[in-house]
Amino acid sequence: MATQKLLLLPGDGIGVEVMAEVKRLIAFLNKTGLTAFETEEDLVGGAAYDAHGKAISDAAMGLAQAADAVMFGAVGGPKWADVPYAARPEAGLLRLRKDLGLFANLRPAVCYPALADASSLKRELVEGLDIMIVRELTGGVYFGEPKEIVTLENGEKRAVDTQVYTTHEIERIARVAFDLAKVRGNLVHSSEKHNVMKSGVLWKQVVTAVHKAEYPEVKLEHILADNCGMQLVRTPKQFDVIVCDNLFGDMLSDVAAMLTGSLGMLPSASLGATDPTTGKRKAMYEPVHGSAPDIAGRGLANPIATLASFGMALRYSFGLAEAADRLDAAIAAALDEGLRTKDIASAGQNAVSTSEMGSAVLKAL
Ligand code: ATP
Ligand code: MG
């Protein structure tokens, strides 16, 4: 079996604790013979700053470029509150995203049956929920130029952010969404504001053209972004894949996240372009949560977000969909048994530790 190269970047705080559970999972999978993961590990964030004075070293970036996939934990914490801006822990994450060209951010919102009562919505609205939000991550109003605050002649100030999208940027994110829909529920909602934004007009045109030329078998719906937010909290199960720009994706993915319960449960993937010669694509997988300095070092962190992120790596980088399904089922089984880390425990319930939850998932697997 060909070896698969994984770079592990645990980072800071609970990033280290939750990544330890991924390492146990990798060791188990390798032992079954199903996978032949070769892992390397390096520093990122505050840990890298302490060692090298930078949030990620060039050597670590080189490993990330060479790896088949990167597993990222979390970065930051009060210890690094005063480091120079360019070396702040988050700069490590931004450099990885930028240098690897990770333009597509995938955030699933899956409701595990055992946690349906932890949702902000009624159980019947979220039970069985399985949505994938595909957010464009490297363009749009967060990056467009000009981006400035200028002082006018009359002394007033004027702030400018610029929303910019090109055909190419919209085409490639649309393809990610359609490809996902093909292996999921075969439905894409493309969300924009073509009624008030030129970028929305182009977005709708380009998504429609990609659909017609390359994915006619997938069902496509267009939905205005504000309506999409409303529909997500009204009848979330009508959605399968939602594709949107950077700004709307930022908001809609947070809305969708709260339908499923805790921050400690939410995985994510960030994908780059497929190399036409090797057919491989850069990818990084990470929990949505941060380094949680308030609970770090105490074995309280929920490892499920990171384990499920690794599941996304199995599915989207390594073509191991069946193994990914089994991992998801093992997570559901551990929850069905009643195991809860502190973030998902109900009041008065005894919580299990990070490694106890990891062990329960492994046992079920
Ligand atoms: P960042 O800016 O890095 O995203 P943040 O300020 O959003 O960080 P997090 O570190 O994600 O914050 O933590 C927010 C809250 O959620 C904290 O109280 C933290 O303890 C809790 N939390 C986050 N992740 C987990 C987890 N995996 N398990 C348990 N609790 C968690
Ligand atoms: Mg945060």
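Positions are given from 1, in the same order as the sequence printed here. Just so it is clear, the model here is predicted, and its values are computed rather than measured. Atoms within a ligand are numbered from 1 in the order they appear, just like the ligands themselves.
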Any atoms of ligand 1 less than 4.0 Å from a non-hydrogen atom of Ala301? List them with their elements. 28 (N)

Could you tell me whether ligand 1 has any atom less than 4.0 Å away from a heavy atom of Ala74? no

Quick note on ligand 1: atoms under 4.0 Å from a heavy atom of Ser291 include exactly 10 (O)

Any N or O of Gly290 closer than 3.5 Å to N or O of ligand 1: yes

Out of all atoms in ligand 1, which are within 4.0 Å of some heavy atom of Gly264? Include the element for each. 26 (C), 27 (N)

Indicate, as side chain, backbone, both or neither, the part of Asn302 found under 4.0 angstrom from ligand 1 when only non-hydrogen atoms are considered. both

Of Ile295, Leu263, Leu93, which has the heavy atom at the shortest distance from atom 31 (C) of ligand 1? Ile295

Could I get the full list of side chain to side chain contact (heavy atoms under 4.5 Å, CB included) partners for Pro293, not counting sequence neighbours? Pro78, Ser291

Structural part of Ile14 in contact with ligand 1, heavy atom criterion under 4.0 angstrom: side chain

Check against salt bridge (charged side-chain N to carboxylate O under 4.0 Å, His left out), Lys5 and Asp68: CA-CA 5 Å; Lys5 272 167 51 182; Asp68 293 311; over 6 Å; no

Less than 6.0 angstrom separating the ring centers of Trp203 and Tyr165, yes or no? yes

N-O pairing of Lys282 and Asp275 below 4.0 Å: no

Pair Asp50 + Lys79: basic N to acidic O under 4.0 Å: yes

Heavy atoms of Pro89 and Gly46 approach each other most closely as CB-N, 3.7 Å

For the pair Arg107 and Asp250, find out whether any cationic side-chain nitrogen is under 4.0 Å from an anionic carboxylate oxygen. no

Any nitrogen or oxygen of Ala292, main chain or side chain, under 3.5 Å from a nitrogen or oxygen of ligand 1? yes

